[in-house]
Asks: 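Below you will find the structure I want to go over with you.
In this chain, residues are counted from 1 in sequence order.
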Amino acid sequence: MPTLTSQPQDTVRELIERGINGNDPSAVDDLVHSDYRYRTPTVSLEGPDPLKALFADYRKAFPDLEVVIDHQFAEDNQVCTRLTLRGTHLGPFNGTPGTGRKVNAKGVVISRIADGKIKEEWELIDELAVAGQLGLI
């Protein structure tokens with residue numbers, strides 16, 4: 001659980017390291033606000049449980065998924081994280097069965113912290129690069 005002295009970027013970093021890279025769903029319970037909202041150009045989620053399901057779906061599609069934080073900075077209660085997603089597409093992803101291809105894509109996530117937890121996130125991933133690497137385009 002985040003401490004009162006933790007910095008906002010520490011909370012985001014811990015969610016990435018524990019929740020995604022460590023495949024630990026309890027990280028969502030510890031670090032994500034009960035009124036959580038997640039937005040991308042194509043996906044909208046509300047609440048921690050849909051986020052856990054999203055992480056699980058990504059892990060099924062890319063069992064070796066790794067998110068690398070390339071750069072991160074914070075201002076007040078907002079954190080901007082530039083990241084790289086890496087993994088091998090072995091399971092279904094957006095209706096496409098596993099291809100065995102490797103994916104390496106860049107993205108940016110802006111997270112808003114409230115009450116020491118992540119309350120909102122806006123994410124942009126280079127979906128065109130992912131589609132190309134999977135041979136979909």
Asks: Might you point out which heavy atoms bring S34 and P48 nearest each other, and give the distance in Å?
Replies: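 Heavy atoms only, the tightest pair is O-CD, 3.7 Å.
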
Asks: If hydrophobic clusters are built by linking Ile, Leu, Val, Met, Phe, Trp and Tyr wherever their side-chain heavy atoms come under 4.5 Å apart, do L45 and I110 end up in the same one?
Replies: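 Looking at the clustering, I110 is in a separate group from L45.
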
Asks: So if you build clusters from Ile, Leu, Val, Met, Phe, Trp, Tyr with side-chain heavy-atom gaps below 4.5 Å, do I125 and L136 land together?
Replies: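 As far as the 4.5 Å side-chain criterion goes, L136 and I125 are connected within one cluster.
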
Asks: Which heavy atom in E121 sits nearest to a heavy atom in S111, and how many Å separate them?
Replies: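 In this case the closest contact between E121 and S111 is OE2-OG, 2.7 Å.
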
Asks: Is K106 salt-bridged to D70, cutoff N-O under 4.0 Å?
Replies: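 Salt bridge between K106 and D70, a charged N being under 4.0 Å from a carboxylate O: yes.
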
Asks: With distance as the sole criterion, is a donor-acceptor pair present between the side chains of S26 and D24 under 3.5 Å?
Replies: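 Short answer, yes.
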
Asks: How close do R86 and N104 get, counting heavy atoms only, and between which atoms?
Replies: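 That would be NE-ND2, 3.7 Å.
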
Asks: Can V108 be reached from L85 by stepping across I, L, V, M, F, W or Y side chains whose heavy atoms are under 4.5 Å apart?
Replies: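 They do not share one cluster, since no chain of ILVMFWY contacts under 4.5 Å joins L85 to V108.
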
Asks: Between V43 and L128, is there shared hydrophobic-cluster membership here, with clusters defined by ILVMFWY side-chain heavy atoms closer than 4.5 Å?
Replies: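 Different clusters.
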
Asks: Can you give each donor-acceptor pair under 3.5 Å made by side-chain atoms of residues 50-58, sequence neighbours left out, with the distance rounded to 0.1 Å?
Replies:
unit_1, atom_1, unit_2, atom_2, d
K52, NZ, D29, OD1, 2.7
K52, NZ, D29, OD2, 3.2

Asks: Tell me the closest heavy-atom pair linking R39 and S44, and the distance in Å.
Replies: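 Heavy atoms of R39 and S44 come nearest at NH1-OG, 2.8 Å.
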
Asks: Going from NZ on K117 to NE2 on H33, what distance comes out if it is rounded to the nearest 0.5 angstrom?
Replies: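 Here the rounded value is 8.0 Å.
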
Asks: Only distances under 3.5 Å count here; give the side-chain donor-acceptor pairs of residues 74-83 to other protein atoms, sequence neighbours excluded, each with its distance to 0.1 Å.
Replies:
unit_1, atom_1, unit_2, atom_2, d
N77, ND2, I113, O, 3.3
T81, OG1, Q72, NE2, 3.0

Asks: Got a second to check how far D30's CG is from L15's CG, nearest 0.5 Å?
Replies: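 These two atoms lie 10.0 Å from each other.
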
Asks: Going from CD on E14 to CG on L31, what distance comes out if it is rounded to the nearest 0.5 angstrom?
Replies: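 That separation rounds to 4.5 Å.
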
Asks: List in chain and number order the residues that pass side chain to side chain donor-acceptor pair (under 3.5 Å) with T88, two or more places apart in sequence or in another chain; answer none if no residue qualifies.
Replies: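 Once residues adjacent in sequence are excluded, the partners of T88 under the side chain to side chain donor-acceptor pair (under 3.5 Å) criterion are D64, K102.
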
Asks: Ignoring hydrogens, what is the shortest heavy-atom contact between F93 and A61? Give both atom names and the distance.
Replies: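 Here F93 and A61 meet closest at CB-CB, 3.8 Å.
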
Asks: Measure the acute angle between the ring planes of H71 and F73, then classify it against the limits of 30° and 60° as parallel, tilted or perpendicular.
Replies: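 Correct class here is tilted.
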
Asks: Could you check E46 against R37 for salt bridge (Lys or Arg N to Asp or Glu O under 4.0 Å), going step by step and ending with a plain yes or no?
Replies: CA-CA 5 Å; E46 295 195 15; R37 292 175 184 241; 3.6 Å; yes

Asks: I'd like to know if I118 and W122 are part of one continuous hydrophobic network [Ile/Leu/Val/Met/Phe/Trp/Tyr, side-chain heavy atoms within less than 4.5 Å].
Replies: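 Hydrophobic grouping puts W122 apart from I118.
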
Asks: Closest heavy-atom contact between P97 and H89?
Replies: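 What the structure gives for the nearest pair is O-CE1, 3.0 Å.
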
